[in-house]
Structures are given as structure tokens and as C-alpha cells.
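Basis for what follows: all heavy atoms, side chains included, without hydrogens, waters or symmetry-related copies. Positions are given from 1, in the same order as the sequence printed here.
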Amino acid sequence: MGAVKSKRMPRAVREQQMLDAAVQTFGQRGYMAASMDEIAELAGVSKPLVYLYLNSKEDLFIACIRREAKALVEAVRAGVRPVLPADRQLWAGLTAFFTHTARHPDGWAVLHLQARTHGEVFAAEVAAMRADIVTFVTELILAAAREALPQALGCARAGGTPMDPHLPSGEVAGLAEALVGAAEALADWANNAPGVTARQASATLMNFAWAGLGDLMAGRPWSPPDGEALDVGAGVGAGDAGAGAVVHAGRTCPVR
């Protein structure tokens, strides 16, 4: 049975205590297996008090999702300094993401596993959080393109071939979705792989993603071999040449 509180505590503090216990229980046992009795006992309060503060198990779970989602988004945004070069901004954002998910594995389990698999209401809450992160990553990619443009112009002034890092909006959106999806999968892997640090996970994704993004920003996009052209709507391909993209079939071509 849950223990009755021994002294008066501000409601906001008590509620956070309940949410801490709920996140731990939901994250480790799963939404269906978690019981309000268990959460109340872990929080050191009576079960009726949990219901008084948070109404129901469903409402408690939604409150957990919103708190953990807000904390994750704030951690990622706070980790990035706009004055840094684009690659350093992405590195800082990824490091903040992996550091937060490593420090709060139960919260990450609530967001990435439990909330997505136990009903549309819960999944919608996580989708809103993910949309915020995708928007932020989109901003970083656009910043990288803006940063690359003066370098391309400098290449032209130096007598080289100008490579315009123009990126269609659809491609930027796809790149952001791919990067966020990779980070989510890597966070699951890192949290279950002994000895993997947040910096190591960040470096893994930077090596996987930024190497490609760096070539793209430098005007060296990859394209399929001859005879296997991309669909026009799928991103950079032969049909995008008029939009400023420089495509090299089956390879990337460095700017010298």
C-alpha cells in the first residue's frame, strides 16, 4: 500500500514527485503493466492522492509524455549556439540529444516506445514533440546551405566552378526527417550498448550524416548511375539541374 505523506508539500513539487515515479514505472514496466498502486508507493503517497492530482492513469501518462517531451526539446535547443558553424551546431544538437536520452532512459522509453504503441492519443503527443525537433533540424540544414553559399561564390571568383548549394524545400524536409529518425534509432542502440557515450553516438551520426551533407552543401550531391535517374519529386536528380543543383551520375565530384 502507498504511504501517506508525512508533511505538507507544495502541490507543484508533489506532482513532480508523482511524475518522476510514473515515468520510472512506465519506462521500465510499460504502460499496460504499470499500476497506480505501484506508482503511488514509489512516489510515497496514497493512490487516492495520485487520482486527485492527475485524474486517471491515462491522464497521468499524458502528463509524463508532455513533461519528458518538453525537457528533450528544450535540451536539444539549449545545446546549440547559433554563432557556431553549421557542422558544430549540428554536433552540439546531437550531443545534447544523446546526453539527455542517456541520462533519462525511462523518459526516452516512455516517448519512443510506450507512447507510440498504446493509442493514437499518446502517439499524437509524441508526434508533436518530434515535429518540433524536425523543424529545428530543418533550420540547421538551411543554415548550413546559407553558410555554404559564400564559399561557392568564392570558388567562382577564384576561377573555379561555382557550386550553388540550393536545396529544394522537399529535399530539406526529407533530410531532416532522415536525420531525426537516425538519431532516434541510434539513441535506442546507445542506451542498450554497454560503454557507448553520448559523444560517441554523436560522432557516429556525424560521420554517417554530415559527411554526406557536407558534400551536398559543397555542390557535390550523389546521384544514381547513368540510366537510373531519380524521380523529379524525390530530391536532387537530373530534373533539379535547373534549380541550381550540380549532379554527377553515380559519384560525387569534389570542388578543387
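Here the side chains of Phe98 and Leu205 are in contact, with some heavy-atom distance below 4.5 Å. Between Glu177 and Arg130 the shortest side-chain heavy-atom distance falls below 4.5 Å. Looking at Glu125 and Phe61, their side chains never come closer than 4.5 Å, going by heavy atoms from C-beta outward. Side chains of Phe97 and Thr101 form a contact here, defined as non-hydrogen atoms less than 4.5 Å apart. Leu90 has its side chain within reach of Leu179: a pair of non-hydrogen atoms, C-beta onward, lies under 4.5 Å apart. Looking at heavy atoms from C-beta onward, Ile65 lies out of side-chain contact with Met129 at the 4.5 angstrom threshold. Looking at Glu58 and Ile62, their side chains come closer than 4.5 Å, going by heavy atoms from C-beta outward. Side-chain contact check for Trp189 versus Val196: some heavy-atom pair is nearer than 4.5 Å.
When atom types are taken as modelled, the side chain of Gln17 and the backbone of Ala43 share a donor-acceptor pair closer than 3.5 angstrom. Within the 3.5 Å criterion, the main-chain N or O of Ala203 finds a donor-acceptor partner in the side chain of Asn207. Looking only at distances, no side-chain donor or acceptor of Gln89 sits under 3.5 Å from a matching main-chain atom of Val80. Distance alone, capped at 3.5 Å, places no donor-acceptor pair between the His112 side chain and the Trp108 backbone. Formation of a donor-acceptor pair under 3.5 Å by the Lys57 side chain with backbone atoms of Ala34 is found in this model.
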(request) Any chance you could lay out the side-chain contact (heavy atoms from CB on, under 4.5 Å) test for Leu175 and Val137, step after step, and finish with the verdict? (result) CA-CA 9 Å; Leu175 290 169; Val137 172; over 6 Å; no
(request) Take Leu60 and Met36, measure what side-chain contact (heavy atoms from CB on, under 4.5 Å) needs, and give me the verdict at the end. (result) CA-CA 9 Å; Leu60 174 59; Met36 296 295 273; 3.8 Å; yes
(request) Show your reasoning for whether side-chain contact (heavy atoms from CB on, under 4.5 Å) applies to Phe136 and Arg77. (result) CA-CA 8 Å; Phe136 184 55; Arg77 286 188 173 273; 3.3 Å; yes
(request) With salt bridge (charged side-chain N to carboxylate O under 4.0 Å, His left out) as the test, would you mind laying out the steps for Arg29 and Glu38 before giving the verdict? (result) CA-CA 11 Å; Arg29 292 182 55 77; Glu38 185 177 6; 2.9 Å; yes
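Taken together through direct or relayed side-chain contacts under 4.5 Å among Ile, Leu, Val, Met, Phe, Trp and Tyr, Val76 and Leu84 form parts of separate hydrophobic clusters. Leu54 and Leu49 fall within a single hydrophobic cluster, where Ile, Leu, Val, Met, Phe, Trp and Tyr side chains are chained together by heavy-atom contacts under 4.5 Å. The cluster map of Ile, Leu, Val, Met, Phe, Trp and Tyr, joined by side-chain heavy atoms under 4.5 Å apart, puts Met18 and Tyr51 in the same cluster. Residues Phe208 and Val180 share a hydrophobic cluster, clusters being chains of Ile/Leu/Val/Met/Phe/Trp/Tyr side chains in contact below 4.5 Å.
Going from atom CZ of Phe26 over to atom SG of Cys64 covers 5.5 Å, rounded to the nearest 0.5 Å. The distance from atom CZ of Arg103 to atom CG of Asn191, rounded to the nearest 0.5 Å, is 12.5 Å. The distance from atom CG of Leu42 to atom CD of Gln28, rounded to the nearest 0.5 Å, is 8.5 Å. How far NE2 of His104 is from OG1 of Thr99: 10.0 Å, rounded to the nearest 0.5 Å. Here the CG-CG distance, from Leu94 to Leu186, works out to 9.0 Å after rounding to the nearest 0.5 Å. To the nearest 0.5 Å, atom CG of residue Leu111 and atom CG of residue Leu72 are 6.5 Å apart.
Taking every heavy atom of both residues into account, Leu19 and Ala63 meet most closely at CD2-CB, 3.8 Å. Taking every heavy atom of both residues into account, Val50 and Ala40 meet most closely at CG2-CB, 3.9 Å. Residues Gly27 and Ala109 approach most closely at O-CB, 3.7 Å, considering heavy atoms. Pairing each heavy atom of Gly79 with each of Ala92, the nearest pair is O-CB, 3.1 Å.
Both cation-pi conditions hold for Arg11 and Tyr53: the charged atom is under 6.0 angstrom from the six-membered ring centre and inside a 45 degree cone around its axis.
Between Arg67 and Gln16, the side chains place a donor N or O and an acceptor N or O closer than 3.5 Å (distance only, hydrogens not considered).
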